[in-house]
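Only a predicted model underlies this, so the values are computations on that prediction, with no experimental measurement involved.
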Amino acid sequence: MKLLARRWARAMGVPFAVGAGSGTILCFEMGLLRPGLMGRFGQVIGLPFALEGIAFFIEAIFLGIYLYAWDRLAPRRHLLMGVPIVIAGT
């Protein structure tokens, strides 16, 4: 059962990495391809991007702990590492 959980955890790390790359590209696209929109509404659009960036870093930190601490943390503490991942991902 633990082997299956480890494999699924690694498989779920891949969409996170893809989302990180596409989110970074999206920020550059908004600034480069839509300068008029960002010039006019940048202060409004910037706040959700900033909140998403903070949530991304929280999610990345705890996902890193979750993926690389299987044998270093107690099972209960390891399970609790998933709570901030879900909250930040939401």
Side-chain angles (χ1 to χ4, degrees):
M1 191 70 160
K2 186 177 178 181
L3 179 64
L4 182 64
R6 289 179 92 160
R7 286 184 181 167
W8 273 106
R10 287 183 188 152
M12 294 311 292
V14 172
F16 176 78
V18 170
S22 64
T24 304
I25 292 169
L26 176 69
C27 291
F28 282 109
E29 283 180 357
M30 291 295 285
L32 293 173
L33 299 178
R34 308 277 188 247
L37 176 75
M38 293 305 287
R40 186 173 185 132
F41 299 108
Q43 293 179 347
V44 176
I45 296 172
L47 180 62
F49 272 131
L51 293 174
E52 192 273 333
I54 292 168
F56 166 75
F57 281 114
I58 291 171
E59 188 178 5
I61 289 166
F62 284 101
L63 186 64
I65 293 170
Y66 184 83
L67 289 176
Y68 295 110
W70 280 92
D71 299 325
R72 295 174 181 92
L73 291 175
R76 184 174 180 87
R77 192 171 283 172
H78 185 260
L79 181 64
L80 289 175
M81 288 296 116
V83 174
I85 295 170
V86 172
I87 292 171
T90 301

K.L.:
Using the rule that two of Ile, Leu, Val, Met, Phe, Trp, Tyr join whenever any of their side-chain heavy atoms come within less than 4.5 Å, decide whether W70 and L63 are in one cluster.
P.N.:
yes
K.L.:
Tell me whether L33 is reachable from F28 by hopping between hydrophobic residues (I, L, V, M, F, W, Y) whose side-chain heavy atoms are closer than 4.5 Å.
P.N.:
no
K.L.:
Check A88 against A55 and note the closest heavy-atom contact, atom names and distance.
P.N.:
CB-O, 3.5 Å
K.L.:
Would a single hydrophobic cluster contain both I54 and F62, if residues Ile, Leu, Val, Met, Phe, Trp and Tyr are joined by side-chain heavy-atom contacts under 4.5 Å?
P.N.:
yes
K.L.:
Just distance, no hydrogens or angles: give the donor-acceptor pairs under 3.5 Å from side chains in residues 34-48, sequence neighbours left out.
P.N.:
none

K.L.:
What about M30 and L32, same hydrophobic cluster or not, with Ile/Leu/Val/Met/Phe/Trp/Tyr joined at side-chain heavy-atom distances under 4.5 Å?
P.N.:
no
K.L.:
Quick one: list whatever passes side-chain contact (heavy atoms from CB on, under 4.5 Å) with A20, sequence neighbours left out.
P.N.:
F56
K.L.:
So which pairs with a foot in residues 3-18 pass side chain to side chain donor-acceptor pair (under 3.5 Å), sequence neighbours left out?
P.N.:
none
K.L.:
With a cut-off of 3.5 Å and sequence neighbours excluded, list every side-chain donor-acceptor pair involving residues 75-86.
P.N.:
{"from": "H78", "atom 1": "NE2", "to": "Y66", "atom 2": "O", "distance (Å)": "2.8"}

K.L.:
Do you know which two heavy atoms are closest between A9 and L67, and how far apart they sit?
P.N.:
O-CD2, 3.5 Å
K.L.:
Taking ring-ring contact (aromatic ring centres under 6.0 Å, His included) as the definition, give me every residue that meets it alongside F49, ordered by chain and number, with sequence neighbours left out.
P.N.:
none
K.L.:
Find out if a path of hydrophobic residues (ILVMFWY) with successive side-chain heavy-atom gaps under 4.5 Å connects I87 to F16.
P.N.:
no
